[in-house]
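We use all heavy atoms of the structure for the numbers below, so side chains are in, but hydrogens, waters and symmetry mates are not. Just so you know, residue 1 is the first one in the sequence shown, and it goes up from there.
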Amino acid sequence: MGEWIYFIHPPRDDFAESMTPEEGAVWRTHFARFERAMADGTLILVGPTLGRTNTGIAIFEAPDEAAARRFMEEDPVIAGGFATGELRPFRVSLMRGRERP
């Protein structure tokens, strides 16, 4: 199983502070999906950067690039056009609570 990261680029600066009600509803669905992916063991880490630029990151496991791309593209904020996604292969080198391979 490989590790992947995708960056979630919102449509504007200060996005977290300026979401419309429609955007907020989609972001809540997006977060609920991440909660399910964390519970089923797919997701390793997720969160936004703070400040004016609210880029999000999701680090997760997938068997190959096609599956990783599908996971990213099925994110409601990406699929709905509320943000753009940028997928890259990733390796968690050190993480608290996780032994080195």
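Qualifying side-chain hydrogen bond (donor to acceptor under 3.5 Å, both in side chains) partners for Asp14, counting only residues two or more places apart in sequence or in other chains: Arg52. With sequence neighbours left out, the salt bridge (charged side-chain N to carboxylate O under 4.0 Å, His left out) criterion links Arg12 to Glu23. Every residue two or more places apart in sequence or in another chain was checked for a salt bridge (charged side-chain N to carboxylate O under 4.0 Å, His left out) with Arg36, and none qualifies. Not a single salt bridge (charged side-chain N to carboxylate O under 4.0 Å, His left out) links Glu35 to another residue, sequence neighbours left out.
Heavy-atom minimum distance, Ala83 versus Pro10: CB-CA, 4.2 Å. Looking at every heavy atom in both residues, Ile44 comes nearest to Met38 through O-CE, 3.9 Å. Looking at every heavy atom in both residues, Pro89 comes nearest to Ile5 through O-CG2, 4.5 Å. Heavy atoms only, all atoms of each residue included: Pro11 and Phe82 are closest at CD-O, 3.1 Å.
Pairs passing the ring pair (Phe, Tyr, Trp, His ring centres under 6.0 Å) check and including a residue from residues 11-57, sequence neighbours excluded, read Phe15-Trp27, Trp27-His30, His30-Phe34. Annotation: salt bridge (Lys or Arg N to Asp or Glu O under 4.0 Å) contacts involving residues 69-83, sequence neighbours excluded, comprise Glu65-Arg69.
By the 4.5 Å heavy-atom criterion applied to side chains, Asp13 and Thr53 are counted as neighbours.
Taking the ring centroids of Phe60 and Phe90, they lie at or beyond the 6.0 Å cut-off.
Atom CG of Leu87 and atom CZ of Phe7 lie 9.5 Å apart (nearest 0.5 Å). Rounding to the nearest 0.5 Å places CD of Glu86 at 10.5 Å from CD1 of Ile78. The CZ atom of Arg33 lies 9.0 Å from the OG1 atom of Thr42; values are rounded to the nearest 0.5 Å.
A donor-acceptor pair under 3.5 Å is absent between the side-chain atoms of Thr55 and the main chain of Thr49, judged by distance alone. No side-chain donor-acceptor contact under 3.5 Å links Glu61 to the backbone of Met1.
Cluster membership for Leu43 and Leu45, using ILVMFWY side-chain heavy atoms within less than 4.5 angstrom, is not shared. Connection of Tyr6 to Val46 is established within a shared hydrophobic cluster, with ILVMFWY side chains joined at heavy-atom distances below 4.5 Å, either directly or through further cluster members.
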